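Keep in mind that this is a model prediction, so the values were computed, not measured. Below, each value reflects all heavy atoms present in this structure, side chains not excepted, and no hydrogens, waters or symmetry copies.
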Number of protein chains: 2
Amino acid sequence: MTDDRWVAPAVLLAVDLVILTLRRSRLHVLLVERGVEPYRGASALPGGFLRHPEEDLTAAAHRELSEEANLDAETLRLEQLGVYGEPGRDPRGRVVSVAYLAIAPRLPEPTAGTDAADARWQPVDRVLSGELELAFDHRRIVADGVERARVTLEHSAIATAFCGPIFTITELQEVYEAVWGIPLDPRNFYRKVQKTDGFIVPVGSARKAATGRPARLFKAGPRAVLYPPMVRPAESSSTEEQ
Amino acid sequence: MTDDRWVAPAVLLAVDLVILTLRRSRLHVLLVERGVEPYRGASALPGGFLRHPEEDLTAAAHRELSEEANLDAETLRLEQLGVYGEPGRDPRGRVVSVAYLAIAPRLPEPTAGTDAADARWQPVDRVLSGELELAFDHRRIVADGVERARVTLEHSAIATAFCGPIFTITELQEVYEAVWGIPLDPRNFYRKVQKTDGFIVPVGSARKAATGRPARLFKAGPRAVLYPPMVRPAESSSTEEQ
DNA sequence: TAGCTTTTTGTCAATCTGACAGAAATAGCG
DNA sequence: CGCTATTTCTGTCAGATTGACAAAAAGCTA
């Protein structure tokens, strides 16, 4: 951070939000329909410019979330995902965008806010496959956010945040399956989760279910970082070997 | 990324660089002595403002690196570390800084460039302990960079980049020990590295050493992502349990 | 040749993983 | 009430991995 005698050029700073949740056992991302140009009518991540030059970035992120999707942003823990500042990514000029990621429990259907014509949950598959096109470079941002979520699930107990306050082990497994996009063995998952110390704690030996054997209920444990981590089965080598 | 009819406020955008290397088995970070206000004379990370509004962020990072430290930046793979945009972090006004991280082999002693009065390697310990004070929030950025490097070492083969093109397993171990800050068992390390497929490949059964048994030589293997990862021994639980 | 140092090869018990069998608990149905 | 379907939970078992440690191998030096 050196400075110049030269006047430093200013750029437009924006925040974009990748809000992930689980609906019907599928990973969904919150999208808005743009109400203004450019990309008017297209789907995009919620977000927007800083309101004033002194606005804090996370504050701006929370503000945009409530403005555009009427979601109670206070309860979401926003994690910085990255900066997207490639010249030309926005037709209006140089816009640098800071992306934030949040992983959320089943959230209510959002209602359109002031800036966006509409706000709704869309399956990430539709976005990643390209079936649903997004404005700007938002598809890339979603992809990065999903990958981050996958890694985060391995090392942190955040998966419990996808569930309600009380959940069964099967429900927790469905979170992992949905985010990782692969099926897991229920018995091994059960064992692993149970003996990962501090991950989940049993809550009143209650029960549940509609058709099978009643499942025990748990709540999130005190540990935030999982050690050893949940290991995601190998899929393919990043670089071919030999 | 919604826009306003309101004129969006512009902020000053800067890049900061955390360049890590190994010198005498200790992790060092590249620092410059600031030649201008604010914090004139204090140590700081190399970096600076965008030169013009259309400059690419990574291009700016590479430019600053060569300007301030005369390092051949082309060979370094810069990885985005995060955004530091807290209001008030820079006395000149609202400055948002994008931090980049690079992990590098033994680099030459840098020479001061145009903007910085001096550029040199400093042990990260001295920075993290607070013994050496840095300008702005750069100590925090260094801390984040070191932690990122530690995690990266677990999952990627980047550790080989700290060594020269040809190295011994002991040299590779010293990289892990320096970055992780803990000692490792040579025999178990040897075994683990050897059977992590594609990590390192033996190069001509040459030898080396001055005092003990000659060590075999290796070069970086084709695999960039390590699976299974190198596991860093547990240190302490992030959240107390029970 | 003996001693020192460092690298390399083993050993062993404990733990973890992946695959799978089968018991337990409930609802629905004839 | 007994049977079946379904889901949850408890085991088992072989193979791989880990951490701790012993000891051989290969040089250099005295």
Where do N or O atoms of nucleotides 1-7 of chain D meet protein N or O atoms at under 3.5 Å, pair by pair?
unit_1 : atom_1 : unit_2    : atom_2 : d
dT7(D) : O2     : Arg213(A) : N      : 3.0

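Between the Arg26(A) side chain and the Ala178(A) main chain, no donor and acceptor come within less than 3.5 Å of each other. Proximity of a side-chain donor or acceptor of Asp137(A) to a complementary backbone N or O of Arg140(A) within less than 3.5 Å is not detected.
Here the P atom of nucleotide dT17(D) and the CE atom of Met230(B) are 13 Å apart, to the nearest Å. Nucleotide dG27(D) holds its P atom 13 Å from the CG atom of Leu217(B), rounded to whole Å. Here the P atom of nucleotide dG19(D) and the CD atom of Gln173(B) are 13 Å apart, to the nearest Å. In this structure, Arg232(A) atom CZ and dT17(C) atom P are separated by 16 Å, rounded to whole Å. Taking atom CZ on Phe167(A) and atom P on dT8(D), their separation rounds to 15 Å, with Å as the unit. Distance CG (Leu172(B)) to P (dT7(C)): 13 Å, rounded to an integer number of Å. Regarding Leu226(B), its CG atom lies at a distance of 16 Å from the C1' atom of dT17(D), rounded to whole Å.
Taking side-chain N and O atoms only, Arg216(A) has a distance below 4.0 Å to OP1 or OP2 of dT10(D).
Counting only heavy atoms from C-beta outward, the side chains of Glu68(B) and Leu30(B) never approach each other to under 4.5 Å.
Partners of Ile103(B) by side-chain contact (heavy atoms from CB on, under 4.5 Å), not counting sequence neighbours, listed by chain and number: Ala149(B), Ile158(B), Phe162(B). For Phe189(B), the ring-ring contact (aromatic ring centres under 6.0 Å, His included) test picks out Tyr176(B), with sequence neighbours left out. The side-chain hydrogen bond (donor to acceptor under 3.5 Å, both in side chains) test applied to Tyr84(A) returns Asp144(A), not counting sequence neighbours. The ring-ring contact (aromatic ring centres under 6.0 Å, His included) check on Tyr190(B) picks up nothing, with sequence neighbours excluded.
DNA chain C lies under 4.0 Å from at least one heavy atom of each of the following residues of residues 185-194 of chain A: Asp185(A), Arg187(A), Asn188(A), Arg191(A), Lys192(A).
Shown here for His28(B) and Pro123(B), the closest heavy-atom pair between the two residues is CD2-N, 3.5 Å.
Between the OG1 atom of Thr170(B) and the CD atom of Glu177(B) there is a distance of 9.5 Å, given to the nearest 0.5 Å.
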